[in-house]
Structures are given as C-alpha cells and as structure tokens.
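Each ligand, and each atom within it, is numbered from 1 in the order the structure gives. For the single chain, residues carry numbers from 1 onward in sequence order.
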Amino acid sequence: MINSEYERRIAARFAAFDQDGNGHIDRADFNAAAKALLAEFGTAARSEKGQALYGGAEALWQGMAGIADRDGDQRITREEFVTAAVKRLRDNPDRFAEIARPFLHAALDVADTDGDGTAAVGDVARVLTVLGVPGDAARSVAAALDPDGDGRVGEAEIVPAFARYFTVPE
Ligand code: CA
Ligand code: CA
Ligand code: CA
C-alpha cells in the first residue's frame, strides 16, 4: 500500500543516504558521511576512531549495494532504493542492523568523547543530524534512545533504532 506519507518518508531516507545530493547513493556518500562525522567531533581521519569509522562506512556501503544495487553499476538509484532496499530491509530489519552495526559502533565511539562506552543524548542527536536525519527527528530519535532518562546512549540502543528509522514501516 503506497501512500503519500510513506513516499515522503522514503524520500527523506533516500536523501539522508545521498549525502552529496547528486541523485544516487554510492560509496562517495558513505565516505562523505564518515568525513562529516569526524569533522563534527574534531576527530582525525588517521586516528584509530577515524579509521574504524571509514571501515564501517565502507562495510555499510557494501552491504547496501549487495541488497539494492540490482544492476551492479555501483550506484543505488532512487528506484533501486525504493524497490529493493526499503522492501527487503523492511522484511528483514535484523539484516540491516548487522550491516549497519560496524558503522554505528564506530560512530558511537566518535561521539563517546569521554570514553565510557556511551554517548550523551545531545551528541547522538549531532550524529543523526550529520547523517541527514532532520533536526527535529534527530532530537526526538536521540531522546527515544534513552528510555531511562540518564542522558546516555549505548550501542544496544542505537543499532535497532537506526534500523527502525531507515527501514520505514508503512
Ligand atoms: Ca550521492
Ligand atoms: Ca544500480
Ligand atoms: Ca561517554
């Protein structure tokens, strides 16, 4: 069942992945996302955290391409995204969580500025904003990741939440 609200949400997810806004999703978008996150938190690309983030971004791209790049041209068009990625990911959100986990783990590490294994809710909202989640949604998603209200978010919370956001239930 396609409706305008569903299509609007698909368009928002596509735009989030298409970081450079050139109309398709490819490896450059994932590198751009990693670069933007490192810049947001003042982390060097050559640092351990920086290298882990680029590695996670590459794994996320490879996983997305494996699911969605039907014609193998190393680009995910909007049509490929809608027909392959969203439907298949929605049918199997756990798969998307596994594909995204290395990137999210590394992103959380970058946002974990005091090294205690969790990121502050405000810093998670910064991560989500950099990744293209609109500001209002980023704040509410980040707050929802902290159900006990202690102001801290860990990997166990961010991975399934990210999968839920991007798999777009109808
Ligand atoms: Ca792009
Ligand atoms: Ca393609
Ligand atoms: Ca921390």
Side-chain angles (χ1 to χ4, degrees), residues 9-44 47-50 52-54 56-89 95-96 99-134 138-139 141-159 161-162 166 168:
R9 282 184 287 165
I10 298 269
R13 301 327 181 252
F14 184 83
F17 279 110
D18 181 15
Q19 287 266 319
D20 60 12
N22 67 351
H24 57 256
I25 299 166
D26 66 12
R27 177 178 276 113
D29 294 310
F30 291 84
N31 282 329
K35 187 177 178 184
L37 264 180
L38 293 176
E40 173 71 21
F41 288 92
T43 305
S47 68
E48 200 172 314
K49 286 183 179 185
L53 189 64
Y54 276 107
E58 172 65 18
L60 181 52
W61 158 245
Q62 292 285 346
M64 286 289 292
I67 289 170
D69 182 19
R70 305 296 291 273
D71 62 3
D73 69 350
Q74 298 293 304
R75 303 199 300 196
I76 300 169
T77 63
R78 190 185 156 90
E79 188 191 3
E80 285 175 327
F81 185 78
V82 171
T83 60
V86 174
K87 287 193 178 72
R88 283 206 241 169
L89 292 170
R95 183 171 174 202
F96 185 62
I99 289 167
R101 186 181 301 279
F103 177 73
L104 292 173
H105 179 89
L108 203 62
D109 253 8
V110 169
D112 176 15
T113 48
D114 63 3
D116 71 347
T118 65
V121 168
D123 289 334
V124 172
R126 285 166 69 194
V127 169
L128 295 171
T129 301
V130 169
L131 295 181
V133 179
R139 278 185 294 277
V141 169
L145 292 174
D146 178 30
D148 63 3
D150 70 351
R152 323 216 59 82
V153 176
E155 182 177 325
E157 291 137 337
I158 199 170
V159 171
F162 189 83
F166 277 105
V168 195

Which pair of heavy atoms, one from Phe103 and one from Leu37, lies closest together, and at what distance? CZ-CD1, 4.0 Å
Are Asp116 and Arg152 close enough that some pair of their side-chain heavy atoms sits under 4.5 Å apart? yes
Heavy-atom count check: over 12 atoms from other residues, nucleotides or ligands less than 6.0 Å from Glu48 CD? no
Asp116, N/O/S atom nearest the Ca ion (ligand 3): OD1
Tell me which N, O or S atom from Asp112 is the closest to the Ca ion (ligand 3). OD1
Arg70 backbone or side-chain N/O/S under 3.0 Å from the Ca ion (ligand 2): no
For the Ca ion (ligand 3), find the closest N/O/S atom on Asp114 and give its atom name. OD1
Cation-pi check for Phe41 against Arg126: NZ or CZ below 6.0 Å from the six-membered ring centre and within 45 degrees of the axis, yes or no? yes
Could you identify the N, O or S atom of Asp71 positioned closest to the Ca ion (ligand 2)? OD1
Within the supplied structure, the quantity of interest is the number of heavy atoms (other residues, nucleotides, ligands) at a distance under 6.0 Å from Glu79 CD; does it exceed 12? no
Over 12 foreign heavy atoms within 6.0 Å of NZ, Lys49: yes
Strictly under 3.0 Å, is the Ca ion (ligand 1) approached by any N, O or S atom of Asp26? no
So, the side chain of Asp146 versus the backbone of Gly151: is there a donor-acceptor pair under 3.5 Å, distance only? yes
Quick check on the Ca ion (ligand 3): does Thr118 put an N/O/S atom closer than 3.0 Å to it? yes
Taking 3.0 Å as the cut-off, does an N/O/S atom of Asn22 lie below it from the Ca ion (ligand 1)? yes
The Ca ion (ligand 1) - closest N/O/S atom in Asp18: OD1
Asp29 OD1 and Asp20 OD1 subtending at the Ca ion (ligand 1) (10° steps): 70°
With carbon and hydrogen excluded and only N/O/S kept, which atom of Asp73 is nearest the Ca ion (ligand 2)? OD1
Can you name the N/O/S atom of Asp69 that is nearest the Ca ion (ligand 2)? OD1
Just how far is it from atom CE of Met64 to atom CG of Asp29, taken to the nearest 0.5 Å? 10.5 Å
Measuring from Phe17:CZ to Arg78:CZ, what's the distance to the nearest 0.5 Å? 14.0 Å
Considering just N/O/S atoms, say which atom of His24 is closest to the Ca ion (ligand 1). O
